[in-house]
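First comes the structure, then the notes that go with it.
Hydrogens, waters and symmetry mates play no part in the numbers below; they use all other heavy atoms, side chains included.
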Amino acid sequence: MNRFLLPLLGAALLALPACNSKTDTKGQGFSETTKPGTTTEEPAAVMPDGAQNPTDMPAAAGSAPAKGQPDPNGPTAPHANDAQFMQSAAHSDQNEMQLSKLALAKGVTGMTKTYAEKMIADHTKSTAALQPIAAKAGVTLPTDMDDQHKEIAQNMQQLSGKDLQDRYLEQMEADHQITANTLVAHQQMTKNAALSSWITQTLPVVTQHLGMAKADARETN
């Protein structure tokens, strides 16, 4: 009897180490190595969709798309040098302020009225901040709209009600897009530190105005 039991007992003892070996985790979402100094296996990192090309990645949950941003390929106002840029910027301020005053005088209401009041306040501050930089550079800033916007104002004078409101917001969106594009483009060109700082402070305000114009236009349609 013992002659048969001893070989079986030996085979059982040899099988014990195999039962205690590490379980194969391939295909179970875990890495095959552990961090130094640890004995717990870490879950394998899973790349999010589009991670190899960040522009293809989906937006994070709960994030909202930007309502208005500069377009590097879009149109700009004249800005071949600092003097021309500052004159364009001052014209832009005048365009927005005076068209907004026209819209208020013609009786826009609700969010459009609030928007017009904000345009006047913010663009007044913008010109006030730019004035000393221009004076130091020997640049005289314009104090009126450019010829194109004078013609736009004449056309808007003929409108009223929703037609006026829609036309005003449409113009604000177009103007602020061009202004945002110009600010970004000229900041890459200028060597004037004070002017570059003014652009840095002004750009977020302009993009906010752009986003507001887009949002208000959607609300009124």
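Taken from OG1 in T124 to CE in M119, the straight-line distance is 11.0 Å, to the nearest 0.5 Å. Going from atom NZ of K106 over to atom CD of Q158 covers 7.0 Å, rounded to the nearest 0.5 Å. Note that NE2 of H176 and OG1 of T207 are 10.0 Å apart. Values are rounded to the nearest 0.5 Å. Note that the CD atom of Q87 and the CG atom of D82 stand 11.0 Å from one another [nearest 0.5 Å]. One finds the OH atom of Y168 at 9.0 Å from the CG atom of D216 (value rounded to the nearest 0.5 Å). Taking CG of D122 as the reference point, atom CE of M97 lies at 11.0 Å (rounded to 0.5 Å).
Hydrophobic clustering places I133 together with L183 (ILVMFWY residues linked when any side-chain heavy atoms are closer than 4.5 Å, directly or through intermediates). Cluster membership check: L102 shares its hydrophobic cluster with L159, using side-chain heavy-atom separations under 4.5 Å among Ile, Leu, Val, Met, Phe, Trp and Tyr. Residues V139 and I199 share a single hydrophobic cluster, defined by chaining ILVMFWY side chains whose heavy atoms lie under 4.5 Å apart. Note on M86 and I178: separate hydrophobic clusters, where clusters join Ile, Leu, Val, Met, Phe, Trp and Tyr whose side-chain heavy atoms are under 4.5 Å apart, directly or indirectly. The cluster map of Ile, Leu, Val, Met, Phe, Trp and Tyr, joined by side-chain heavy atoms under 4.5 Å apart, puts V108 and Y115 in the same cluster.
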Would L195 and H186 count as a side chain to side chain contact (heavy atoms under 4.5 Å, CB included) if you check the C-alpha gap in whole Å, the side-chain angles of each, and the deciding distance to 0.1 Å?
CA-CA 10 Å; L195 186 58; H186 196 74; 4.1 Å; yes
Would K118 and Q208 count as a side chain to side chain contact (heavy atoms under 4.5 Å, CB included) here? Give the steps.
CA-CA 11 Å; K118 182 173 179 59; Q208 180 193 41; 3.2 Å; yes
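Residues M172 and H209 fail the side-chain proximity criterion, which asks for heavy atoms closer than 4.5 Å. The closest side-chain heavy-atom distance from P70 to L203 is below 4.5 Å.
Residues satisfying the side chain to side chain donor-acceptor pair (under 3.5 Å) criterion with E173, sequence neighbours excluded, are K214. Residues passing the side chain to side chain donor-acceptor pair (under 3.5 Å) test with N192: none are found, sequence neighbours excluded. When the side chain to side chain contact (heavy atoms under 4.5 Å, CB included) test is applied to E117, the partners found at least two apart in sequence or on another chain are L104, K113. Residues that satisfy the side chain to side chain donor-acceptor pair (under 3.5 Å) test with T76, not counting sequence neighbours, are absent from this structure. The side chain to side chain donor-acceptor pair (under 3.5 Å) search around Q165 returns T112, not counting sequence neighbours. Residues passing the side chain to side chain contact (heavy atoms under 4.5 Å, CB included) test with Q201, sequence neighbours excluded: S197.
Side-chain N/O atoms of N181 and Q177 include a donor and acceptor closer than 3.5 Å. Using a 3.5 Å distance cut-off with no hydrogens or angles, the side chains of D146 and Q94 do not pair a donor with an acceptor.
Only one option out of Q148, H149, H123 pairs with N95 in a side chain to side chain donor-acceptor pair (under 3.5 Å); it is H149. Partner of D93 under the side chain to side chain donor-acceptor pair (under 3.5 Å) criterion, chosen from T202, T179, T127: T127.
Closest of all the heavy-atom pairs between A90 and P142 is CB-CD, 3.6 Å. The nearest pair of heavy atoms linking T182 to A77 is OG1-N, 2.8 Å.
At most 12 heavy atoms of other shown residues, nucleotides or ligands fall within 6.0 angstrom of atom NZ in K136.
Judged purely by atom type and a 3.5 angstrom limit, H79 has no side-chain atom pairing as donor or acceptor with the backbone of Q84. Between the T190 side chain and the S196 main chain, no donor and acceptor come within less than 3.5 Å of each other.
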